[in-house]
Asker: 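Okay, here's the structure, questions in a sec.
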Number of protein chains: 2
Amino acid sequence: MDTRERLISSTRELLWERGYTGTSPKAIQERADVGQGSMYHHFRGKSDLALAAISRSAREMRDSADAVFTDTGTVVDRITAYLRRDRDALKGCPVGRLTQDPDVMADPELRRPVEETFAWLTDRLAGLLADGRTNGELDPRLDPEATATALVAVLQGGYVLARAAGSADVHARAVHGALGLLTGDARRSPSGQENR
Amino acid sequence: MDTRERLISSTRELLWERGYTGTSPKAIQERADVGQGSMYHHFRGKSDLALAAISRSAREMRDSADAVFTDTGTVVDRITAYLRRDRDALKGCPVGRLTQDPDVMADPELRRPVEETFAWLTDRLAGLLADGRTNGELDPRLDPEATATALVAVLQGGYVLARAAGSADVHARAVHGALGLLTGDARRSPSGQENR
DNA sequence: GTCTATAATCGGATAGAC
DNA sequence: GTCTATCCGATTATAGAC
């Protein structure tokens, strides 16, 4: 890996672990094993490096999700596969994490990849859910946009809860609960007052 | 409000807005309108202040949730009221936010209130869901712990998505989606293959 | 209790030699 | 392209006067 790539890679890791404010140019250089001068030769400064790192992480997140979504199987299969996908729950989401960084959110350039990634993801999931509704896999009353938003929120919130508990199992439990609701293993009782 | 309280209040605000790493003693003093010497008289340092602030926020979050949970109405009513509660979605959760702060999570004292708050919240919701299952409001197949975890995750993840989108509506949409799944307005089709 | 002074270290760069 | 030197403000305190 060349110098430039090592810097991007190091920045991605540090943004993931410590956020933008918690990441210093010096720490980036040390982890990349690159000198001060080198870093400022390849990038104009911290925010320039962060832009490269964030864009890379966003693209990777999108590409890997898309691979699961375009896989074979029923709609429910593909959504289940995405929700259950292997993840390091205690590390959190490298993109979602950035929403807590005021300096990232305040800079339109840095913020853009974050915004676009979640807009794309939610939209893609909503499309799948709409397909499932059309083909009879899912209840016609299901609201694709709202449901997609809820599912993405479960994933993002699952990271929060897993980190709070210090246990990756909590993320899996959140996903399990969401799938239970989606696939009808857990819902308002058929004898409940809201049933029609 | 006395000096000590102003310092705690100022620290709570800053931790909420900028996190632990992004909050300097100087900024705390300025917002509280308290001098350097005063701050170090009342608190041993930044982490001591943070502990007071975090404990306060955690207790407040817990108390206000408990008020909704112990309210009158059906289980589904109370859960709905909690999920739909007025919130400043773009500001995020003052407690959940701290899970992204490595310095907070690395310090057992600072971390404890965060961990306990979410453990309590999830447990409390699971109890309500179990009650709803018992009294026939909810499907007997519903897994109370997993569902409770998913619901709390929707709230926490909703903040992430709202901030990413720059719109509080996204949080409301996530909640709407989750309630649709929980109350049976949106789920796997009755004619779907998983139906028994 | 509050104020000012002092200080060591870090953060985020710029400048110029090689 | 990479290195070292230098810079200035911020961070997180401590010390002692008032």
Side-chain angles (χ1 to χ4, degrees), chain A residues 1-56 97-98 100-111, chain B residues 1-56 97-98 100-111:
Chain A
M1 205 161 37
D2 68 9
T3 303
R4 197 189 150 82
E5 282 300 312
R6 282 212 310 287
L7 284 166
I8 294 177
S9 174
S10 152
T11 304
R12 289 178 65 191
E13 287 175 21
L14 283 163
L15 286 181
W16 196 358
E17 293 167 19
R18 306 200 38 84
Y20 186 82
T21 306
T23 296
S24 69
K26 194 181 175 205
I28 293 172
Q29 294 151 26
E30 278 168 2
R31 189 172 295 209
D33 199 24
V34 159
Q36 180 101 326
S38 266
M39 192 197 99
Y40 282 102
H41 170 75
H42 289 285
F43 296 93
R44 284 196 315 249
K46 178 177 169 176
S47 70
D48 190 29
L49 243 173
L51 179 58
I54 293 172
S55 302
R56 188 72 65 88
R97 199 236 183 278
L98 300 167
Q100 300 305 318
D101 232 310
D103 297 342
V104 170
M105 299 315 278
D107 180 332
E109 272 206 306
L110 296 182
R111 186 204 169 116
Chain B
M1 203 162 39
D2 69 10
T3 303
R4 194 189 152 81
E5 282 301 311
R6 283 213 310 287
L7 284 166
I8 293 177
S9 173
S10 152
T11 305
R12 289 179 64 190
E13 286 174 20
L14 284 163
L15 286 182
W16 195 359
E17 293 168 19
R18 307 201 37 84
Y20 185 83
T21 306
T23 296
S24 69
K26 191 180 178 203
I28 292 172
Q29 294 151 27
E30 278 168 2
R31 188 172 297 208
D33 199 24
V34 159
Q36 180 101 328
S38 265
M39 193 197 99
Y40 283 102
H41 170 74
H42 289 285
F43 295 93
R44 283 197 313 250
K46 179 177 168 177
S47 71
D48 191 29
L49 243 173
L51 178 58
I54 293 172
S55 302
R56 188 71 66 87
R97 197 235 183 279
L98 301 167
Q100 301 304 319
D101 232 310
D103 297 343
V104 170
M105 299 315 276
D107 181 331
E109 272 206 306
L110 296 182
R111 185 204 171 119

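Order of the sequence lines fixes the chain letters, A, B, ..., with proteins taken first and strands second; residue numbering starts at 1 for each chain. Please read these numbers as outputs of a predicted model, since none were measured by experiment.
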Asker: Is any side-chain nitrogen or oxygen of B:His41 closer than 4.0 Å to OP1 or OP2 of C:dC3?
Answerer: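 No, no such contact exists.
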Asker: Distance-only, no hydrogens or angles: does the B:Thr11 side chain make a donor-acceptor pair with backbone N or O of B:Ala50 under 3.5 Å?
Answerer: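 No; zero donor-acceptor contacts below 3.5 Å.
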Asker: Could you list all the side chain to side chain donor-acceptor pair (under 3.5 Å) pairs where at least one residue sits in residues 34-45 of chain B, not counting sequence neighbours?
Answerer: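 Residue pairs with at least one partner in residues 34-45 of chain B: B:Gln29-B:Gln36.
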Asker: Could you check how far CG of A:Asp103 sits from P of C:dG11, rounded to whole Å?
Answerer: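 For the pair A:Asp103 CG and C:dG11 P, the rounded distance is 14 Å.
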Asker: Could you give the distance from CG (A:Asp2) to CG (A:Leu7), rounded to the nearest 0.5 Å?
Answerer: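 The distance works out to 9.0 Å.
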Asker: Scan the side chains in residues 18-26 of chain A for donor-acceptor partners under 3.5 Å anywhere in the protein, sequence neighbours excluded, and list what turns up.
Answerer:
residue, atom, partner, partner atom, Å
A:Arg18, NE, A:Gly22, O, 3.0
A:Arg18, NH1, B:Asp103, OD1, 3.4
A:Thr21, OG1, A:Asp101, OD1, 3.1
A:Thr21, OG1, A:Asp103, OD2, 3.3
A:Thr23, OG1, A:Leu14, O, 3.2
A:Thr23, OG1, A:Gly19, O, 2.6
A:Ser24, OG, A:Ala27, N, 3.2

Asker: Rounded to whole angstroms, how far apart are CD on B:Gln29 and P on C:dC3?
Answerer: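 Roughly 10 Å, once rounded to whole Å.
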Asker: To the nearest angstrom, how far is B:Arg18 atom CZ from D:dA10 atom P?
Answerer: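 So the two atoms are 13 Å apart, to the nearest Å.
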Asker: Within the 4.0 Å limit for protein heavy atoms, which parts of nucleotides 12-18 of chain C are touched? Write it as a string from 5' to 3', B for base, S for sugar-phosphate only, - for none.
Answerer: SBB----
Asker: Please give, in whole Å, the distance from C:dT2 P to B:Asp33 CG?
Answerer: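 Those two atoms, CG and P, are 11 Å apart.
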Asker: Which whole-number value in Å describes the distance from A:Lys26 NZ to C:dT9 P?
Answerer: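 A:Lys26 atom NZ is separated from C:dT9 atom P by 11 Å.
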Asker: Could you check how far NE2 of B:His42 sits from C1' of D:dA13, rounded to whole Å?
Answerer: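 Taking atom C1' of D:dA13 as the reference, NE2 of B:His42 is at 17 Å.
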Asker: Bend angle of the helix from C:dG1-D:dC18 to C:dC18-D:dG1 from five-pair axes at both ends, rounded to 10°?
Answerer: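 Overall, the helix from C:dG1-D:dC18 to C:dC18-D:dG1 bends by 0° from one end axis to the other.
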Asker: Which residue pairs pass the salt bridge (charged side-chain N to carboxylate O under 4.0 Å, His left out) test with at least one member in residues 4-13 of chain B, sequence neighbours excluded?
Answerer: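 Sorted pair list: B:Glu5-B:Arg56, B:Arg12-B:Glu60, B:Glu13-B:Arg31.
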Asker: Please report, rounded to the nearest Å, how far the P atom of D:dA13 is from the CG atom of B:Leu49.
Answerer: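 For the pair B:Leu49 CG and D:dA13 P, the rounded distance is 10 Å.
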Asker: Could you list by number each residue of residues 2-14 of chain A showing a heavy-atom separation from DNA chain D of less than 4.0 Å, or answer none if no residue does?
Answerer: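 The answer is A:Thr3.
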